[in-house]
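So the structure is just underneath, and the comments pick up after that.
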Amino acid sequence: MQTTWNLTYLYTGFDDPAFRTDLESLKTFLDRAGADLEAAADDAAYLRTFASRSEELSRLMEKLFTYCELILSADASNAEAEKYLDQIMLLSNDASLLHSAVERRLGSMEHLDDLLASLPELQPCAFALREMADHARHSIPEAIEPWILKMQLSGGGAFSMLRNKLDATHLVEYRGESLPLSSVRGLAYSPDESVRRDAYEAEIASYSKMEIPMAACLNSIKMEARTLTELRGYKSVLDMTLAESRMDEQTLNAMWTAVREALPDFRRYLLAKARLLGHENGLPFWDLFAPVGQSRTYTLEEAHDLLLQEMGKFTPKMADFMDHAFQAGWIDVYPRPGKSGGAFCAGVHCFDRSLVLTNFQGSFSDVSTLAHELGHAWHNRCMAGLPYLMIDAPMPLAETASIFNETMLSYQVLSACSPEEELHLLENGLMEATQTVVDIYSRFLFESEVIDTRADHAMSPDELKDAMLRAQEASYGEGLDPAYRHPYMWACKSHYYASELNFYNFPYAFGLLFGKGVFAHYLKEGSTFVDTYCQLLRSCGSAPVAEVAASVGIDVRSADFWRESLAMIRRDIDRFCTLAEAAK
């Protein structure tokens, strides 16, 4: 298996003539596309021209931007990648201006629906065109948009890149060694408590070296979000995010209502795990990810075999797809200095491929992360062949396939395990669910406070730490030892720093609980559900969230749906508490 990315199908390097040609083509294409649109004889010709040119532009932008981003993710010190990414970002401003001009033109078309109905060749992207017309109401004023976009490059975009570089190059002094932050955080899964505690203490101590620039990045990005919200006429940053997510506030409130009701159950689990590990005051942060029961580590080959075996039970096509991803260099597997922490999946639609970054160290959680990211890749595969305008799944639905894969893996492994392994596997699933529900709720509370406070002043590192601890208290409660929490969680989570993705937290809770709801349908319907599921994934960019969910019989605006999904987790908590008590 190849353990680093094979990017040669994009470019062989920055000296590849194809890279230089595409970069030059992008520079000239934008002017040519704008001229072609201006020359359109009527509205119908304008729509046809835009649909065609947007495909060409998206393909060029995707290839160039993805290549530079992937190189930097694997090697934060790559100066060439940074240089070319800056050039592409400047050109993306021109693309954004073109997109905004099209939105305004579409918004001015009084009979857009009738016009689209008369143009059958545009039906595959009709939803996106209608949505663009609606977005025209929130466009930045045309006269100042070019200057706003340029300022964003040296504002939120620059601070986001700086944060990623700080994270990727940050070294932690652990037991006499200087290790990458991602490696030290990975030690939280060690079976040795002294390793977990020492790694936690070393990690927390290390943040003082970068807390000031990290705080500056976060404050600047969230102030920019507030400014753009006002400029675009939204009532709040959350309102803007919900609109961009094709999700309504009723859905979000229904989910949070059910989550708050379920917090005592998660705290029962945390307290049971704490007692099992010998703690009296709740679980210290360093033991949140401590393995319980008969844990084991996996080689990459074992992880590969387990995924193919268990995910293939859903459909053999999934196993074949995953095997190809491992063999064809789609996955950059192991941590190393200069490589970004965490994990992600980047789709390359024009080549029907995906690139996955992980920091695999052998825990079952790492195997589950591979299943998660390859779920994103499967989602991308289900959207193959669609127009670029129709592949933009909103954040809440973008997690559907990844969480479905995690749930599937856990369910399959748990259903076939020996009694001795049950405690460990239940713990692993509940550990992940706690992160995706309880910790995500804390992140939502924290980011809400930062955005609200930013209206008055920039928050100091001490204020940010205090806000994070209060958010953890509200979500984890007595389940987490108040003396050993994580005041720097705001510094190590990249999701706060995506300059164009505010509140990149609730989609994970949505995805977990929605994915469990979809998985429940699969359990009822069996193999006949496979095609329905794949069609659901294919439709994620084609309708608002509530409509996509309704296509498989789910009402996401009802708290009852979320309660039913959380009840699946509660059953695991009940069983875990019983086993944990017996194992003491």
Side-chain angles (χ1 to χ4, degrees), residues 1-3 5-6 298-333 343-349 351-358 360 364-386 391 393 397-417 425 428-429 432 511-512 514-541 548 551-552:
M1 284 184 284
Q2 185 170 331
T3 59
W5 282 324
N6 174 13
Y298 295 80
T299 65
L300 184 62
E301 290 73 18
E302 289 170 334
H304 163 272
D305 293 346
L306 179 64
L307 288 173
L308 267 59
Q309 173 185 313
E310 301 303 339
M311 305 307 293
K313 293 174 183 176
F314 176 64
T315 170
K317 292 180 180 178
M318 178 77 81
D320 292 342
F321 176 79
M322 287 186 168
D323 185 48
H324 181 74
F326 277 99
Q327 306 301 339
W330 288 20
I331 309 173
D332 195 300
V333 179
F344 67 77
C345 174
V348 187
H349 187 64
F351 288 109
D352 187 20
R353 300 190 188 191
S354 295
L355 283 304
V356 168
L357 178 142
T358 70
F360 184 87
F364 184 81
S365 179
D366 288 337
V367 181
S368 185
T369 294
L370 279 167
H372 179 107
E373 300 305 338
L374 289 169
H376 284 303
W378 180 257
H379 196 163
N380 295 337
R381 169 57 55 86
C382 289
M383 288 187 164
L386 289 174
I391 64 170
L397 294 178
E399 293 302 318
T400 302
S402 55
I403 297 298
F404 185 94
N405 268 20
E406 283 190 41
T407 306
M408 168 73 72
L409 178 65
S410 176
Y411 177 84
Q412 298 284 27
V413 173
L414 192 60
S415 66
C417 73
L425 292 174
N428 189 81
E432 296 293 342
L512 173 76
F514 184 68
K516 284 188 176 293
V518 174
F519 184 72
H521 279 248
Y522 164 66
L523 291 180
K524 292 175 185 176
E525 299 180 28
S527 60
T528 60
F529 185 72
V530 173
D531 288 343
T532 301
Y533 171 69
C534 293
Q535 184 55 46
L536 167 71
L537 297 181
R538 189 171 178 82
S539 69
C540 282
V548 174
S551 72
V552 291

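By convention here, the first residue in the shown sequence is residue 1. Predicted model, so just to flag it, every value in this text is computed and none were measured.
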Looking at [X] and [Y], what are the two nearest heavy atoms and their distance?
{"X": "M383", "Y": "G541", "answer": "CE-N, 3.8 Å"}
{"X": "N380", "Y": "S354", "answer": "ND2-OG, 2.9 Å"}
{"X": "F514", "Y": "L397", "answer": "CE2-CD2, 4.0 Å"}
{"X": "H379", "Y": "A393", "answer": "CE1-CB, 4.4 Å"}
{"X": "Y533", "Y": "V518", "answer": "CD1-CG1, 3.8 Å"}
{"X": "H349", "Y": "L386", "answer": "NE2-O, 2.8 Å"}

[X] side, atom [atom1]; [Y] side, atom [atom2] - distance, nearest 0.5 Å:
{"X": "H372", "Y": "T407", "atom1": "NE2", "atom2": "OG1", "result": "10.5 Å"}
{"X": "F344", "Y": "L357", "atom1": "CZ", "atom2": "CG", "result": "4.5 Å"}
{"X": "Y522", "Y": "T528", "atom1": "OH", "atom2": "OG1", "result": "9.5 Å"}
{"X": "I391", "Y": "C540", "atom1": "CD1", "atom2": "SG", "result": "12.5 Å"}
{"X": "F360", "Y": "T3", "atom1": "CZ", "atom2": "OG1", "result": "11.5 Å"}
{"X": "Y298", "Y": "L370", "atom1": "OH", "atom2": "CG", "result": "12.0 Å"}

Within a strict 4.5 Å, meaning less than it, do heavy atoms of the [X] and [Y] side chains meet?
{"X": "L536", "Y": "S551", "value": "yes"}
{"X": "L355", "Y": "D332", "value": "no"}
{"X": "T358", "Y": "D366", "value": "no"}

Subject >> Stepwise side chain to side chain contact (heavy atoms under 4.5 Å, CB included) test for V356 and L374 >> reply: CA-CA 7 Å; V356 168; L374 289 169; 4.3 Å; yes

Subject >> salt bridge (Lys or Arg N to Asp or Glu O under 4.0 Å) contacts touching residues 371-386 (sequence neighbours left out) >> reply: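 Sorted pair list: D352-R381.
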
Original post:
What residue pairs, at least two apart or across chains, pass salt bridge (Lys or Arg N to Asp or Glu O under 4.0 Å) with a residue in residues 516-534?
Top reply: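 Those involving residues 516-534 do not exist here.
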
Subject >> Main-chain N/O of A384 paired to R538 side chain as donor or acceptor, under 3.5 Å >> reply: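 Between the backbone of A384 and the side chain of R538 there is a qualifying donor-acceptor contact (under 3.5 Å).
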
Original post:
When you measure from the side chain of S402 to the backbone N and O of G375, does any donor-acceptor pair fall under 3.5 Å?
Top reply: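 Looks like no, no N/O pair under 3.5 Å.
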
**OP:** With sequence neighbours excluded, give me every side-chain hydrogen bond (donor to acceptor under 3.5 Å, both in side chains) pair touching residues 307-331.
**Re:**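 Checked against side-chain hydrogen bond (donor to acceptor under 3.5 Å, both in side chains) - neighbours excluded - the pairs reaching residues 307-331 are H304-D323, E310-K313, D323-Q327.
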
Subject >> Residue pair S365, E432: steps toward the side chain to side chain contact (heavy atoms under 4.5 Å, CB included) verdict >> reply: CA-CA 8 Å; S365 179; E432 296 293 342; 2.6 Å; yes

Under the side chain to side chain contact (heavy atoms under 4.5 Å, CB included) test, residues paired with [X] that sit two or more places apart:
{"X": "T532", "value": "F529, V552"}
{"X": "S527", "value": "none"}
{"X": "Y411", "value": "F519, L523"}

**OP:** With side chain to side chain contact (heavy atoms under 4.5 Å, CB included) as the test, would you mind laying out the steps for F404 and W378 before giving the verdict?
**Re:** CA-CA 11 Å; F404 185 94; W378 180 257; over 6 Å; no

**OP:** Would you please test N405 and M318 for side chain to side chain contact (heavy atoms under 4.5 Å, CB included) and show each step?
**Re:** CA-CA 10 Å; N405 268 20; M318 178 77 81; 3.6 Å; yes

